[in-house]
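A short worksheet on the structure shown next.
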Amino acid sequence: MKNGSRSGTDRAGAGDLLHLVRSGRATTRGALQQVTGLSRATVGQRLDRLFRAGWLREGSGNPVASPLGGRPSVRLEFDDAHAVVLAADLETRHARTALLTLTGEVVAERGWPLRVDEGPDKVLDELGAGFGELLRASGRDPDAVCGIGLAVPGPVDSETGRVVQPPIMPGWDGYDIRGRLRRAFTEHTGATAPVPVYVDNDANLMAYGEQRAHYPDCSAFALVKVSTGIGAGVVVDGSVYRGIDGGAGDIGHIRVPGAPGSAAALCKCGAYGCLAAVASGRAVAARLAAAGVPAASGSDVRELLAAGHPEAVGLAREAGRQVGDVLATVVTLLNPGVLMIAGDLAGTPFLTGVRELLYQRALPRSTAHLEIVTSLLGERAGLVGAGALVVEQLYAPERVEARLAALGF
């Protein structure tokens, strides 16, 4: 396929055609022939497999002009009604679950307190129960679920779906998250077929969701989540950049020895002076508590900031300056078009601090075309990103071929 995932026009399969339709590059039979070089008969045969699977449909709009001439062609569309996706966003003290369409629309969602330090077996079982409640409330059949996406607050090896030495997830290192969540889903819903589960870092999936929803044309997008910890997600040319084994974006453990109190700031990773130990929601909460202000977590700080608490506002701005100092290096290295701040501290005081140090330390060339913004999807960002991850994995050209064969098409 020309400019596609395969070489040679005779090798463009049904999955490649579906990808062309979903991406908008070719949405008629004639356009598919032109892009792939396949004959009309071959295109028809491969589209027939997609129609029979219920993954493709003819649009209801007026026919469009064919690039090959002749009669106008019917527009082809990805049929997002044939399945649904489940997603979960797990934080240190809270969880959210959602039921989404294949195009990312949130159909139903639920949030509740859930501590990640209670361990993977209990937490994943509760997520499975939460999925069951969503399906029952929305009247959806469990067997309509094509996949599950999970965002977790730790580094993830994308090949295995296991977290790797997570500082704030005790008991999760190397745990079989995919297998346990799959079992929990089956136990709590009665699903008859095993469902694929995909796991990724929360900042990665937040970045993926925000970029796809609001900045699809931004080829270099960075999101920094500042809550209990600090992490970053990077999307380059539409794909999440994860590094060799999922460790990319773990900026919370960059040492900041010049920050106030950094020498005595013990991080969850065991080192002193990490960015997360001096500028995260947990760090700000600890400083507020030491000053006699009731605060134990990033969510407590968020509430204080919403109320305009003066000491919380001052500490949030100082934390923003510390993060901005580190982000000057990040921006110089990545040269993103959009830098998004998300999480409990994402507000005017923190953003002001980020801007102060970032523009002071980074070269003007690095920031000339940089847009610094706060989250647009809010608490849904990780859920939307997790849902998108499932869809992109399941409907990738090579995976489509295998799934169609398994279905007998």
Side-chain angles (χ1 to χ4, degrees), residues 5 15 18-19 22-23 55 78 80 83-91 95-107 109 124 127 130-131 134 145-164 176-182 185 194-216 218 221-223 225 231-243 245-249 340 342 375-377 379-400 402-403:
S5 59
L18 182 63
H19 176 72
R22 289 185 61 231
S23 66
W55 297 355
F78 178 58
D80 66 340
V84 291
V85 172
L86 286 168
D89 187 1
L90 184 61
E91 298 189 355
R96 297 183 70 84
T97 53
L99 177 70
L100 302 96
T101 67
L102 297 181
T103 51
E105 179 186 351
V106 176
V107 176
E109 63 184 308
L124 294 172
L127 290 182
F131 288 147
L134 282 180
V145 177
C146 65
I148 297 172
L150 173 63
V152 298
V156 177
D157 183 335
S158 60
E159 292 297 319
T160 65
R162 300 176 186 238
V163 292
V164 182
D176 181 16
I177 296 176
R178 289 176 177 171
R180 181 66 183 96
L181 187 54
R182 187 181 298 116
F185 171 73
V195 175
V197 176
Y198 299 93
V199 187
D200 205 342
N201 171 261
D202 55 358
N204 284 348
L205 292 181
M206 291 172 70
Y208 195 43
E210 296 276 10
Q211 189 269 342
R212 287 173 60 89
H214 295 291
Y215 298 93
C218 181
F221 178 95
L223 177 144
K225 180 185 179 183
V234 178
V235 180
V236 177
D237 292 332
S239 298
V240 175
Y241 178 74
R242 298 181 176 88
D245 60 3
M340 178 173 282
S375 174
L376 295 173
L377 292 175
E379 293 182 333
R380 285 183 168 181
L383 296 171
V384 172
L389 173 68
V390 172
V391 174
E392 291 309 310
Q393 290 289 328
L394 291 181
Y395 295 92
E398 62 277 6
R399 189 68 189 274
V400 164
R403 292 179 66 205

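We use all heavy atoms of the structure for the numbers below, so side chains are in, but hydrogens, waters and symmetry mates are not.
Residues A151 and D89 come closest through the heavy atom pair CB-OD1, 3.6 Å. P194 and R182 get closest at one heavy-atom pair: CB-CD, 4.1 Å. Of all the heavy atoms in A83 and L102, the pair that sits closest is O-CG, 3.5 Å. What you find for G387 and A87 is that their closest heavy atoms are N-CB, 4.1 Å. Closest of all the heavy-atom pairs between L223 and A207 is CB-CB, 3.8 Å. Listed here is the closest heavy atom pair of Y208 and L389: CE2-N, 3.8 Å.
Evaluation of the salt bridge (charged side-chain N to carboxylate O under 4.0 Å, His left out) test over residues 380-395, restricted to residues two or more places apart or in two chains, returns R22-E392, E109-R380, R212-E392.
Remark: E91 pairs with K225 by the salt bridge (charged side-chain N to carboxylate O under 4.0 Å, His left out) rule, at least two apart or across chains. Under the side chain to side chain donor-acceptor pair (under 3.5 Å) criterion, N201 pairs with no residue, sequence neighbours left out. Listed by chain and residue number, T97, L127, F131, L150 satisfy the side chain to side chain contact (heavy atoms under 4.5 Å, CB included) test with A88 (two or more places apart in sequence, or in another chain). D157 pairs by the side chain to side chain contact (heavy atoms under 4.5 Å, CB included) definition with E159, T160, V164, not counting sequence neighbours. In this view, R178 satisfies the salt bridge (charged side-chain N to carboxylate O under 4.0 Å, His left out) rule with no residue, not counting sequence neighbours. For the side chain to side chain donor-acceptor pair (under 3.5 Å) test, residues two or more places apart in sequence or in another chain that qualify with D200 are N204, R242. Residues passing the side chain to side chain contact (heavy atoms under 4.5 Å, CB included) test with R403, sequence neighbours excluded: W55, C146, L394, Y395, R399. By the side chain to side chain donor-acceptor pair (under 3.5 Å) test, Y241 pairs with no residue at all, sequence neighbours left out. Residues passing the side chain to side chain contact (heavy atoms under 4.5 Å, CB included) test with V195, sequence neighbours excluded: V145, I148, F185. Under the rule for a salt bridge (charged side-chain N to carboxylate O under 4.0 Å, His left out), the partners of E379 that lie at least two apart in sequence or sit in another chain are R96, R302. Taking the side chain to side chain donor-acceptor pair (under 3.5 Å) definition, one finds that T103 meets it with D80, T101, sequence neighbours left out.
To the nearest 0.5 Å, atom CG of residue L377 and atom CG of residue L383 are 9.5 Å apart. A distance of 4.5 Å separates CG in L376 from NE2 in H214, rounded to the nearest 0.5 Å. One finds the CD atom of E210 at 3.5 Å from the OG atom of S375 (value rounded to the nearest 0.5 Å).
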Item to check | side-chain contact (heavy atoms from CB on, under 4.5 Å) between I177 and V197, intermediate numbers included | outcome: CA-CA 9 Å; I177 296 176; V197 176; 5.5 Å; no
